[in-house]
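Please read the structure below before turning to the comments.
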Amino acid sequence: LATFTVSGRIVDRETLQGVPHLKLGLQSIVNDRDFGGSCCSDSNGLGEFKLENVTPGKYAVFVPPQPKNDLRSDAVPFEVIDQDVTGLLVKTSVGASLSGLVVLEGIHDKSVLALLSQVQLNAVVTTPGNEGAGRWGHSVSINPDGSFRVGGLQSGLAYFSLNIGSGESPKGITLVRMERDGLAQLNGIEIKEGEQVIGVRIVLSYGSGAIRGVVKIENGELPPAAQFAVWLSIPGDDGTIMQRSLSPPVDSRGHFLFEGLAAGTYSLRTRVFIPGSRARSATATQQVNVADGAVTEVTVKVNLNPIPVPGNP
């Protein structure tokens, strides 16, 4: 394929002066949604940037999260057709921030608390109608006293997740609740443009319990293209937080495994997606009791032909 050059400047939104030595992110746009992305260029001393060997297609450039830098930008879309693209202007401003404490609920064992030093806190902000280009995760380390601060955020709803250096979720540690000024934030923490939010509390649990399960189908057979999904929530909770961190893969036989669960009662939710089916999916929910150091075996029965409810379509 023919390739082209894309160039422009990264500037301060207010003064339009060039911002030097700032990384630039590039994302492909497919069907008006982002697809992949990378940090691919640094601005020079004048804030200028140049991307080479860009193939035809739709893209967006923006300033991704960068360590010890609170600058951010909106994504700037462009399209490469049959010639170079010049004159792109990426305007930066100081982003919002979230700061507070990460706590392991009910844990006083120093060896367990020391695990937090291995955990990265990852924040992603979504904006209604703009979930695509420019939505990158901001990863920060947790300080020895449990404090954290993540900056350079856009306005919207912020969600947190946990990972370790390999990108995997830390075994035994689960994010169960986010709080702002003592109030649980089940649907994400709302932040405004440039707002500096303090008083955030990220509550984690630690456990050694496990759930090993299998999905059994009743009143029907699954086509080869069918897919399974399982997730946990705490009874009375809508599952928004835990669903993001506790949704293990389910193999083609319907087998799944949750590990590192704190002792307690959970709601296990299961959904079977059936391509081409009139209902398209079938669901089941059941409560499961988990004990530390033990594996709870469960069988989830999903009815593919539930009895119709009068008055429902």
Side-chain angles (χ1 to χ4, degrees), residues 1-98 120-140 150-159 161 163 165-167 188 191-195:
L1 292 177
T3 62
F4 302 92
T5 299
V6 176
S7 60
R9 295 176 66 221
I10 303 176
V11 301
D12 179 273
R13 183 181 298 275
E14 300 295 331
T15 66
L16 297 185
Q17 297 296 312
V19 180
H21 313 303
L22 202 61
K23 288 190 179 298
L24 187 75
L26 174 71
Q27 283 186 314
S28 299
I29 307 298
V30 178
N31 297 327
D32 297 323
R33 297 188 66 85
D34 68 295
F35 183 80
S38 62
C39 289
C40 53
S41 178
D42 287 1
S43 60
N44 64 17
L46 299 176
E48 300 166 335
F49 67 85
K50 180 182 290 186
L51 310 177
E52 298 181 330
N53 301 318
V54 182
T55 57
K58 293 183 178 181
Y59 300 89
V61 288
F62 63 99
V63 174
Q66 297 173 44
K68 300 180 180 179
N69 193 322
D70 282 356
L71 292 180
R72 63 163 302 274
S73 76
D74 291 331
V76 178
F78 65 93
E79 184 173 6
V80 176
I81 301 177
D82 57 5
Q83 61 183 355
D84 294 341
V85 175
T86 62
L88 295 179
L89 202 61
V90 180
K91 298 180 180 180
T92 66
S93 60
V94 176
S97 71
L98 295 168
Q120 290 276 320
L121 195 61
N122 190 59
V124 172
V125 181
T126 63
T127 302
N130 187 31
E131 292 87 355
R135 197 191 76 171
W136 279 41
H138 300 237
S139 291
V140 294
V150 54
L153 303 173
Q154 67 186 58
S155 61
L157 288 174
Y159 300 91
S161 61
N163 61 68
S166 61
I191 51 178
K192 300 177 182 178
E193 188 71 30
E195 184 179 13

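Positions are given from 1 along the sequence. No experiment lies behind these values; they were computed from the predicted model shown.
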Side chain to side chain contact (heavy atoms under 4.5 Å, CB included) assessment of L89 paired with V76: CA-CA 8 Å; L89 202 61; V76 178; over 6 Å; no
Derivation of the side chain to side chain contact (heavy atoms under 4.5 Å, CB included) call for N163 and L121: CA-CA 7 Å; N163 61 68; L121 195 61; over 6 Å; no
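In this structure, S43 contributes its side chain and V19 its backbone to a donor-acceptor pair below 3.5 Å. Between the side chain of S97 and the backbone N or O of V150, no donor-acceptor pair lies under 3.5 Å. Between the side chain of Q66 and the backbone N or O of K23 there is at least one donor-acceptor pair closer than 3.5 Å.
Between T55 and V80 the shortest side-chain heavy-atom distance does not fall below 4.5 Å. Side-chain contact between S41 and E52: absent, with no pair of heavy atoms (C-beta onward) separated by less than 4.5 Å. Residues P56 and I81 fail the side-chain proximity criterion, which asks for heavy atoms closer than 4.5 Å. Within the 4.5 Å cutoff, the side chain of R13 has no heavy atoms near those of the V90 side chain. Within the 4.5 Å cutoff, the side chain of R72 has no heavy atoms near those of the L153 side chain. In this structure, L16 and K91 have side chains that are in contact, with non-hydrogen atoms separated by less than 4.5 Å. Side-chain contact between F62 and Q27: present, with at least one pair of heavy atoms (C-beta onward) separated by less than 4.5 Å. D42 has its side chain out of reach of H21: every pair of non-hydrogen atoms, C-beta onward, lies at least 4.5 Å apart.
Taking each heavy atom of P64 and G25 in turn, the nearest pair found is CD-N, 3.5 Å. Smallest separation of non-hydrogen atoms from A60 and A75: CB-CB, 4.1 Å. The heavy-atom pair separating A96 from I191 by the smallest distance is CB-CD1, 4.3 Å.
A salt bridge is absent between D70 and K68; no separation between the charged side-chain nitrogens and carboxylate oxygens falls under 4.0 Å.
Environment of CD in E14: sparse, with no more than 12 heavy atoms of neighbouring residues, nucleotides or ligands closer than 6.0 Å.
A distance of 9.5 Å separates CG of L71 from CD1 of I10, quoted to the nearest 0.5 Å. For the atom pair OG (S161) and CG (N122), the distance works out to 4.0 Å, reported to the nearest 0.5 Å. In this structure, D84 CG and L51 CG are separated by 11.0 Å, a value rounded to the nearest 0.5 Å. One distance of note links CZ of F49 with CZ of R9; it measures 10.5 Å at 0.5 Å rounding. Considering CG of N53 and OG1 of T5, their distance stands at 7.0 Å, rounded to 0.5 Å. With rounding to the nearest 0.5 Å, the separation of OG in S28 from NZ in K58 is 12.5 Å.
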